[in-house]
Each structure stands twice: as structure tokens, then as C-alpha cells.
Protein chains: 2
Amino acid sequence: MTDTRERGGGGDGGWSPALALLWGTGRPVGRRGPRPTLTLDAIARAGVAVADAEGLAALTMQRTAAEVGVTKMALYRYVPGKDELVALMIEAAMGEPPRDAAPKDAWRPRLDAWARGLFERFVRHSWALEAIVGPRPMGPHELAWMEAAVAALAGCGLGGGERLDVAATLVGHVRAVAQQHAAVAGGGAEEAMAEGIAPLLAARREQFPALAEAFASAAHEGSGGDALDFGLARILDGVELLVNARREAAPGE
Amino acid sequence: MTDTRERGGGGDGGWSPALALLWGTGRPVGRRGPRPTLTLDAIARAGVAVADAEGLAALTMQRTAAEVGVTKMALYRYVPGKDELVALMIEAAMGEPPRDAAPKDAWRPRLDAWARGLFERFVRHSWALEAIVGPRPMGPHELAWMEAAVAALAGCGLGGGERLDVAATLVGHVRAVAQQHAAVAGGGAEEAMAEGIAPLLAARREQFPALAEAFASAAHEGSGGDALDFGLARILDGVELLVNARREAAPGE
DNA sequence: AGTTAATAGTGTCCGATAGACACAGTGTAC
DNA sequence: GTACACTGTGTCTATCGGACACTATTAACT
């Protein structure tokens with residue numbers, strides 16, 4: 001799997017089978033043979049259950065098939081390959097973005113809540129962090145999350161490219177912190193780093209003086225909040241500066 | 001590989017074999033048998049060459065061994081398993097962080113240059129983006145990169161935890177943008193997203209109105225810079241606000 | 001110098017995995 | 001009622017990571 005083999009792109013107008021699956025451009029309904037015993041959704045949920053419980057490495061076609069009560073090869077009637085299964089699982093794991101609590105709110109609290117919601121998804125399904133690396137087709141849920149972020153920025157004076165960039169930057173931050181979080185079960189950036197490197201650092205503080213000093217200083221500061229909060233505050237502060245600059249430049253708009 | 005099996009942690013004081021390899025706590029020198037024909041460094045460089053050229057999926061023990069002219073099993077005399085090989089490859093690919101051009105510079109241009117240097121590494125070895133997900137031991141080069149970022153922030157009034165958080169946030173942003181960059185060869189966040197989803201979006205603009213509008217707007221704005229610049233500027237703006245706040249709070253320090 | 005034992009590289013084997021393919025049962029359209 | 005499309009199964013293959021036994025090499029010890 002995940003090989004660089006050519007997928008689809010043939011006579012289907014450039015639509016890979018994965019995209020067709022994700023976007024529900026499924027088979028026509030008037031079917032002749034026996035009724036399928038499974039649904040794509042059930043398969044995806046079974047895969048998510050396996051990955052949630054035992055990690056992405058434990059996700060095999062066999063294991064997933066057993067979870068839904070069929071043999072491995074039966075799954076290939078529904079998905080062309082494991083990559084597509086994982087794509088469906090990502091969609092299932094992300095789910096719909098939360099309904100915006102107060103759509104008339106200012107952009108900043110909306111983006112803040114949005115980022116925390118996304119973070120919560122990634123923490124709950126930490127295998128997704130491994131699965132979403134590399135080129136892959138985008139599903140409707142994933143796009144809906146982006147839509148929500150960009151929508152929160154509507155009418156605040158930022159250009160279209162800037163709104164997209166803000167969303168992308170936030171996704172990047174959330175993913176990065178979620179990865180640190182997953183590396184050590186429950187911890188911010190400091191704890192995550194400290195867990196693995198504290199003993200190393202202690203023995204080589206002359207080689208990494210600034211790091212050693214920062215860790216020491218952080219230790220008797222008492223950790224003030226976690227890495228998600230910190231980065232989020234910094235990024236949104238930076239966005240706010242830009243928004244204000246744009247508003248000053250075109251106050252009447 | 002990448003399984004959640006127990007590694008080391010036995011009588012070696014909690015040092016996994018991967019850590020020993022990365023930190024050069026190698027075997028003692030007075031050895032009895034035949035001279036090794038290989039070095040860890042040569043093996044790592046061979047692996048990097050394979051992954052650079054053909055992607056991480058093409059990296060097998062067999063392929064790497066062939067590259068250095070031995071059989072697959074010979075590699076196991078040097079590395080305990082594939083995970084450790086990949087860890088060495090990451091170290092080799094990251095390399096030493098660039099010497100700080102002007103150590104007496106202000107923190108902001110230093111961090112900016114640092115982030116761009118890191119980005120360049122990730123773009124050159126995009127397989128590393130896949131390889132660094134999940135819990136894994138940290139190597140000296142990786143730590144040296146963190147050291148450089150934290151050192152750039154020394155004496156600017158930020159606490160130890162904050163300095164670490166800034167570095168972690170920047171790494172997260174760089175990695176995220178590098179992933180988008182790798183997804184479509186050569187492109188910022190907008191191009192990266194547009195590549196895959198533009199056709200989808202065109203057909204479903206009523207479902208994703210804000211996204212559609214943002215893309216349309218971005219298209220006739222002419223893309224103003226790339227995603228790395230944008231996010232970097234926003235994050236550093238946010239950090240600058242915090243630095244200024246801290247300086248005001250303790251001006252005499 | 002001769003012996004011993006630790007080490008290096010090789011060949012062979014095994015279990016797990018993704019996927020191909022042929023086959024038998026099933027249910028709808030004609 | 002019959003043909004045919006479709007579903008799930010069993011079998012087979014290629015590939016990969018890794019275990020293990022074996023031979024060749026070379027430094028340490030007597």
C-alpha cells in the first residue's frame with residue numbers, strides 16, 4: 001500500500017476510485033446480484049475501531065474483515081485497496097465539524113473553538129495523524145472542516161488566499177501539537193520533549209546549553225498551560241494584527 | 001516494523017538500542033572478529049539516497065543492503081531493525097543546523113532563517129515527513145535544531161517553557177507546509193489545496209460557499225506569497241507581541 | 001606460534017501482509 | 001423461467017521484516 005502506483009486517472013475523468021468512494025459517487029442503485037451485507041460506513045467504522053484500539057499498525061484487511069464478520073477478500077468488493085479504506089476511515093474519524101455555536105461571533109473565538117474541536121478529534125484518533133501524511137484525496141468531511149475555518153474569517157478583511165493560509169496554518173499547528181500529545185500519552189510540548197530527552201540533556205548540557213537552560217527554567221516555572229494554547233494564542237494574535245492592518249487600510253469596506 | 005513492541009528498556013538503564021545508535025554509544029573498540037565493511041553513516045546515507053529517489057515505500061532492507069553492496073541480513077549486524085535504520089536516516093537527512101549567521105542578531109530574523117533552513121531540509125527529504133510521525137527517539141541533530149531555535153530566543157524575556165513552545169510551534173508550521181508542498185510538487189497552500197479539490201469545489205459550491213469564495217478570490221488576487229511565509233509571519237508577529245509584553249512587564253531585566 | 005572465541009557476512013527459512021483470480025451461491029431483469 | 005450481474009469465499013503468489021545456523025575472519029590469550 002501507499003505505493004506510488006498509478007491509481008485511476010483513466011477514463012473516469014481524472015477521478016481516482018478513492019475520490020469516488022469518498023464523495024459517494026457510488027455504483028448505480030439498480031443492481032442485480034445478492035444484496036451486499038456490508039456498507040462502506042460500517043467498514044470504515046470497523047477500521048476506525050481497530051485503529052483506535054490497537055493503532056494503525058494493527059489495521060490489516062484481515063483484522064478489519066473479521067471485525068465486520070466477513071473474509072478479507074470480501075472487503076475488496078467495497079474498497080479497491082487498503083489506501084482507500086484508510087481514506088474512508090479518516091473521513092469517518094474526522095466527522096462533521098461541530099456546528100458553529102455562534103455564527104455571528106467574532107472570528108477569533110470561532111477559530112479558537114474550531115481548532116480545539118479539531119485537536120480533540122486528532123487526540124481521539126491519533127492514528128489519523130500517521131494516516132494523513134503524504135498526498136491523498138480529500139474527503140467531504142475534511143473539506144467541511146476547512147470550510148468552517150474559512151467561513152469564520154468571512155468579512156474580516158482578509159483576502160481569499162490569506163483566509164486559506166490561516167486555516168492551513170491552524171491545521172498545521174493542531175496536528176503538530178496532537179502529534180506531540182500522542183508521543184507521550186497526555187502532555188504538552190515540554191513534557192513531550194522532556195520525557196525522551198531529559199536524561200540525554202542532563203548528560204550533555206554543555207552541548208545544548210540553551211535547551212538545558214530552557215528546560216531547567218521551565219521546570220521551576222511550573223508549566224504554564226499547554227502547547228496547544230500557546231501556539232494558538234500566538235497564531236491568532238498574529239492573524240489579529242493582520243486583520244487590524246487590513247481594516248485600517250480599508251476602513252469603509 | 002513500527003509495531004508497538006517493547007524495545008530495549010531492559011538492563012541498559014532504559015536506553016533503547018535506537019538511542020544508543022543515534023547517540024553513538026556504540027560498541028567498544030577492542031573487537032575481535034573481522035573488520036566491518038560498513039559504517040552506520042554509510043548505511044544511513046544509502047537509505048537516504050533510496051528514500052530521496054524513490055520514496056519511503058521503496059525503502060526496504062533489501063534495497064538498502066544492495067545499495068551498499070551487502071546482503072539484507074548483513075545490515076542487521078549494524079541496526080537492530082528497520083525502525084532504527086529510519087531513525088538514523090532522519091538524523092542524516094536533518095544534518096547539523098546551519099551555523100547561526102549572526103548570533104548577535106535579533107531573535108526574529110534568526111528564527112525566520114532557522115525556519116526556512118528547516119523547511120529546505122524537509123522539502124529535500126520529503127520522506128522524512130512520513131518517518132517522523134509517531135513516538136520515536138530523538139537524535140543529536142534533531143536536538144541541535146531545537147537548541148538553535150531556543151538559543152535564538154535567549155534573553156528576550158520569554159520563559160523557558162515559552163521558548164520551547166515557540167520552537168515547537170515553528171517546527172509544526174514548517175512541517176505542515178512542507179507536507180502540503182510535498183503533496184503537489186511545488187506549490188503553496190492554495191495551490192496544494194486547489195490541485196485536488198478545485199474540481200470538487202466547482203461542482204459543490206453551494207455546500208462549501210466560503211471555501212469557494214476564498215478560492216475564487218485568491219485566484220484573481222494573484223497568489224500573494226506562499227504558505228510558509230504567511231504562517232511564519234503570523235506566528236512571529238504573535239511571538240513578538242508576547243516578547244514586547246514581557247519586556248514591558250520587566251523593563252529592567 | 002598456536003589456540004580460542006567473538007564477530008562479520010551469507011543463505012535459508014518463516015510468518016504476516018496486500019492483493020489476484022477463479023468459483024459457487026444469490027437475486028433481479030428480461 | 002432463465003440468463004446474468006453481483007456477492008462472498010478459498011486458494012495462491014509476491015514481498016517484506018526478521019530469526020537462525022553456518023562459514024570465514026581476526027584479535028586476544030597461552
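Letters go in sequence order (proteins before strands), and every chain restarts at 1.
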For atom [atom1] of [X] and atom [atom2] of [N], their distance in whole Å:
{"X": "B:R32", "N": "D:dA28", "atom1": "CZ", "atom2": "P", "value": "8 Å"}
{"X": "B:L75", "N": "D:dA19", "atom1": "CG", "atom2": "C1'", "value": "15 Å"}
{"X": "B:D83", "N": "D:dC16", "atom1": "CG", "atom2": "P", "value": "16 Å"}
{"X": "B:R35", "N": "D:dA24", "atom1": "CZ", "atom2": "C1'", "value": "14 Å"}
{"X": "A:L38", "N": "D:dT9", "atom1": "CG", "atom2": "P", "value": "9 Å"}
{"X": "B:M73", "N": "D:dT23", "atom1": "CE", "atom2": "P", "value": "17 Å"}

Taking only side-chain nitrogens and oxygens of [X], does any of them come within less than 4.0 Å of OP1 or OP2 of [N]?
{"X": "A:Y78", "N": "D:dT7", "value": "no"}
{"X": "A:T37", "N": "D:dG8", "value": "yes"}
{"X": "B:R77", "N": "C:dT10", "value": "no"}
{"X": "A:Y76", "N": "D:dT7", "value": "no"}

Under 4.0 Å between a Lys/Arg side-chain N and an Asp/Glu carboxylate O for [X] and [Y]?
{"X": "A:E120", "Y": "A:R116", "value": "no"}
{"X": "B:E142", "Y": "B:R136", "value": "yes"}
{"X": "A:E67", "Y": "A:R45", "value": "no"}

Which of these nucleotides, D:dG10, C:dT10, C:dA18, is closest to any side-chain atom of B:V70? C:dT10

Pick the closest DNA chain C nucleotide for B:G33 and for B:K72 by heavy atoms, then say which residue is nearer the 5' end. B:G33

Nearest heavy atom decides the nucleotide; on that basis, is B:A74 or B:P34 closer to the 5' end of DNA chain C? B:P34

What pair of heavy atoms forms the shortest contact from A:A115 to A:V174, and how long is it? O-CG2, 3.6 Å

Point-to-point distance, once rounded to the nearest 0.5 Å, from CD1 of B:I90 to CD of B:E130: 10.5 Å

I'd like to check the ring pair (Phe, Tyr, Trp, His ring centres under 6.0 Å) partners of A:F119; sequence neighbours left out, ordered by chain and number. A:H181

Given the rule in the side chain to side chain contact (heavy atoms under 4.5 Å, CB included) test, do B:M94 and B:L118 qualify, once you have shown the distances and angles that lead to the verdict? CA-CA 8 Å; B:M94 299 304 294; B:L118 188 62; 3.3 Å; yes

Protein-nucleic acid N or O pairs under 3.5 Å, nucleotides 14-17 of chain C:
none

